[in-house]
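So you know, we letter chains A, B, ... as the sequences are listed, proteins then strands, and number each from 1.
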Amino acid sequence: MNFEEKVWKLMERIPKGRVTTYGQIAKKLDTKAYRAVGNACRKNPYAPGVPCHRVVRSDGSVGGFGGKISGKNVKEKIQRLREENVEVKNGKIANFKEVLFNF
DNA sequence: GCTTTGACTCTCG
DNA sequence: TCGAGAGCCAAAG
């Protein structure tokens with residue numbers, strides 16, 4: 001199994017209404033390839049089976065899909081997050097600690 | 001096979 | 001509090 005497949009599989013485990021960080025995923029995979037995780041996310045061939053929008057940065061900010069990349073459909077992702085009990089404020093998770101999914 | 005790049009994270013000033 | 005720099009790993013050129 002490739003590294004990316006592991007990442008995707010792990011992301012699949014993220015329940016609705018919860019989020020996780022790249023660091024958590026990397027840690028679960030016994031690696032420090034935080035950035036590679038992000039890369040795998042960006043590819044994301046299993047979307048929306050693999051909800052990459054539920055993966056955020058360690059500080060609770062939504063990461064690249066929130067402010068840098070794809071400025072419009074991102075809002076829909078954010079909106080979906082908010083519908084899933086995840087409050088997003090200004091590109092960051094408001095109740096981050098509460099919705100953070102610990103593997 | 002080496003170099004570049006990235007949706008990252010940590011530390012320091 | 002915020003920005004810059006360094007370190008990390010994997011994929012693509």
Can you measure A/Glu5 atom CD to C/dA11 atom P for me and round it to whole angstrom units? 10 Å

CZ of A/Arg18 to CZ of A/Arg54: how many Å apart, nearest 0.5 Å? 11.5 Å

State which of B/dG6, C/dA11, B/dT9 makes the closest approach to the side chain of A/Phe3. C/dA11

Rounding to an integer number of Å, can you tell me how far A/Asp30 CG sits from C/dA10 C1'? 16 Å

Is the backbone N or O of A/Ala40 less than 3.5 Å from a side-chain atom of A/Trp8, with the two atoms forming a donor-acceptor pair by type? yes

Nearest-angstrom distance from the residue atom CZ of A/Arg35 to P of B/dT4: 14 Å

In whole Å, I'd like the distance from the CG atom of A/Asp59 to the P atom of B/dC10. 9 Å

Nearest atoms (heavy-atom pairs only) where A/Val56 meets A/Val62: CG1-CA, 4.0 Å

Just by modelled atom types, is the A/Ser61 backbone N or O under 3.5 Å from a matching donor or acceptor in the A/Asp59 side chain? yes

B/dC8, OP1 or OP2 - any side-chain N/O from A/Arg57 closer than 4.0 Å? yes

Main-chain N/O of A/Gly17 paired with A/Asn85 side-chain donor or acceptor, under 3.5 Å: no

May I have the list of side-chain donor-acceptor pairs in residues 21-38 of chain A shorter than 3.5 Å, sequence neighbours left out?
{"from": "A/Thr21", "atom 1": "OG1", "to": "A/Gln24", "atom 2": "N", "distance (Å)": "3.1"}
{"from": "A/Thr31", "atom 1": "OG1", "to": "A/Ala33", "atom 2": "N", "distance (Å)": "3.2"}

Starting at atom CD1 of A/Ile25, determine the distance to atom P of B/dA7, rounded to an integer number of angstrom. 15 Å

Candidate nucleotides C/dC9, B/dA7, B/dT9, ranked by approach to the side chain of A/Lys77 - the nearest: B/dA7

Within this structure, what is the NZ-to-C1' distance between A/Lys32 and B/dC8, rounded to whole angstrom? 14 Å

Would you say A/Val19 and A/Leu81 make side-chain contact, with heavy atoms under 4.5 Å? yes

Using the closest heavy atom to pick a nucleotide of DNA chain B for each, name whichever of A/Thr21 or A/Val37 lands nearer the 5' end. A/Val37

Among B/dA7, B/dT9, C/dA10, which nucleotide has an atom closest to any side-chain atom of A/Tyr34? B/dT9

Looking only at side-chain N and O atoms, does A/Lys43 come under 4.0 Å of OP1 or OP2 in C/dA12? yes

Atom CG of A/Asn39 to atom P of C/dG13: distance rounded to whole Å? 12 Å

Round to the nearest Å and state the distance from A/Leu29 atom CG to B/dC8 atom P. 16 Å

With the threshold set at under 4.0 Å for non-hydrogen atoms, list the residues of residues 92-103 of chain A touching DNA chain B in residue-number order. none

Nucleotide nearest A/Tyr22 (side chain, heavy atoms from C-beta), chosen from B/dG6, C/dC9, B/dT9: B/dT9

